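Here the structure comes first, spelled out in structure tokens, and everything after it is commentary.
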Amino acid sequence: AIKSSLAKISSPTLQAASTGISRSITLESGTNCALFSGTFREPQLLSLLSNENIQWFLPRVTGIGSMTFHQVTSHCNLTIGKFGILEPLPSAPEIPPENLDTLICPGVAFSPSGIRLGQGGGYYDRYLAKTIKARLIGVAFDFQIQDKLPSGPHDIAMHEIISESRHLRLSNPGQQG
């Protein structure tokens with residue numbers, strides 16, 4: 001049901017929701033923040049790159065189920081990569097996962113307890129397991145926030161979930177009610 005709703009989302013609705021999500025993301029100056037270049041069914045957040053007080057990093061697919069994050073200073077530093085998604089140029093410096101302060105994460109669905117349901121490739125699950133101190137922010141459209149989602153021991157819960165009309169800050173991520 002969620003994937004069919006995503007397929008039907010109109011461009012004006014997607015843009016309005018993406019703007020609302022972008023406005024709700026607050027970051028301290030100097031933050032090392034991982035962002036993503038959304039597919040046409042995900043929040044479009046690349047406008048955040050205009051905040052020059054933040055060090056921005058976007059993912060590059062490096063193999064099956066594997067990705068790394070690389071510094072990006074503008075839209076000009078992006079090229080079309082795997083799956084037709086914009087990713088950093090090969091020359092862009094990589095950041096080790098333990099040096100990220102914040103990671104803004106897409107997903108198919110999120111629960112109010114911070115559980116994230118991804119696309120199924122395990123890219124983010126594997127990468128999130130390597131982050132040590134990062135504040136994890138899941139971003140989604142309102143209809144992607146579901147009361148309960150399946151979770152396993154490998155799932156890493158978000159600290160916050162942001163949609164166009166909700167901002168959930170979780171004191172005990174991953175604990176389902």
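Only heavy atoms go into these numbers, but all of them, side chains included; no hydrogens, no water, no symmetry mates. On a predicted model such as this, the values are computed, not experimentally measured, just so you know.
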For the student: nearest non-hydrogen atoms of [X] and [Y], plus distance:
X: Tyr123; Y: Gly63; result: CE2-O, 3.5 Å
X: Pro112; Y: Leu170; result: O-CD2, 2.8 Å
X: Arg116; Y: Phe110; result: CG-CE2, 3.4 Å
X: Leu45; Y: Ser22; result: CD2-OG, 3.3 Å
X: Ser111; Y: Leu149; result: N-CD1, 3.5 Å
X: Ser163; Y: Ile21; result: C-CG1, 3.5 Å

Looking at side-chain heavy atoms only, is the closest gap between [X] and [Y] below 4.5 Å?
X: Ile162; Y: Arg23; value: no
X: Ile54; Y: Leu48; value: no
X: Gln144; Y: Leu117; value: no
X: Pro88; Y: Asn77; value: no

Which donor-acceptor pairs under 3.5 Å do the side chains of residues 89-105 make with protein atoms, sequence neighbours left out?
from: Asp101; atom 1: OD1; to: Lys133; atom 2: NZ; distance (Å): 3.2
from: Asp101; atom 1: OD2; to: Asn32; atom 2: N; distance (Å): 2.8

State whether the side chain of Arg126 and the backbone N or O of Met67 hold a donor-acceptor pair below 3.5 Å, judged by distance alone.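 Such a contact is absent between Arg126 side chain and Met67 backbone.
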Does any N or O in the side chain of Gln44 come within less than 3.5 Å of the main-chain N or O of Glu42, such that one atom is a donor and the other an acceptor?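 At least one qualifying donor-acceptor pair exists.
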Could you please spell out the steps behind the side chain to side chain contact (heavy atoms under 4.5 Å, CB included) verdict for Gln119 and Tyr124? CA-CA 9 Å; Gln119 296 283 353; Tyr124 274 90; over 6 Å; no
Can you tell me which residue pairs pass the salt bridge (charged side-chain N to carboxylate O under 4.0 Å, His left out) test with a partner in residues 151-171, sequence neighbours excluded?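 For residues 151-171, and leaving out neighbouring residues, the salt bridge (charged side-chain N to carboxylate O under 4.0 Å, His left out) pairs sorted by first residue read Arg135-Glu160.
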Residues in ring pair (Phe, Tyr, Trp, His ring centres under 6.0 Å) with Phe36, at least two apart? none
Taking only residues two or more places apart in sequence or in another chain, which ones pass ring pair (Phe, Tyr, Trp, His ring centres under 6.0 Å) with Tyr127? Phe69
Who pairs with Gln71 by side-chain hydrogen bond (donor to acceptor under 3.5 Å, both in side chains), at least two apart in sequence or on another chain? Gln55
Please step through side chain to side chain contact (heavy atoms under 4.5 Å, CB included) for the pair Leu86 and Thr79, ending with a clear verdict. CA-CA 5 Å; Leu86 291 174; Thr79 187; over 6 Å; no
Do the side chains of Ile80 and Phe83 join up, straight or via other hydrophobic residues, at under 4.5 Å, putting them in one cluster? yes
What's the separation between atom [atom1] in [X] and atom [atom2] in [Y], rounded to the nearest 0.5 Å?
X: Leu168; Y: Ile137; atom1: CG; atom2: CD1; answer: 12.0 Å
X: Ile156; Y: Ser151; atom1: CD1; atom2: OG; answer: 12.0 Å
X: Met158; Y: Leu136; atom1: CE; atom2: CG; answer: 5.0 Å

Extract all donor-acceptor atom pairs below 3.5 Å that involve side chains of residues 3-13 and protein atoms in other chains or at least two apart in sequence.
from: Ser4; atom 1: OG; to: Ala1; atom 2: O; distance (Å): 2.9
from: Ser5; atom 1: OG; to: Ala1; atom 2: O; distance (Å): 3.1
from: Ser10; atom 1: OG; to: Thr13; atom 2: N; distance (Å): 3.2
from: Ser10; atom 1: OG; to: Thr13; atom 2: OG1; distance (Å): 2.8

Side chain to side chain contact (heavy atoms under 4.5 Å, CB included) for Leu78 and Leu46? Distances and angles first, verdict last. CA-CA 11 Å; Leu78 300 172; Leu46 289 182; 4.1 Å; yes
Please determine whether side chain to side chain contact (heavy atoms under 4.5 Å, CB included) holds for the pair Leu27 and Asn51, giving the CA-CA distance in whole Å, both sets of side-chain angles, and the decisive distance to 0.1 Å. CA-CA 10 Å; Leu27 302 166; Asn51 182 343; 5.7 Å; no
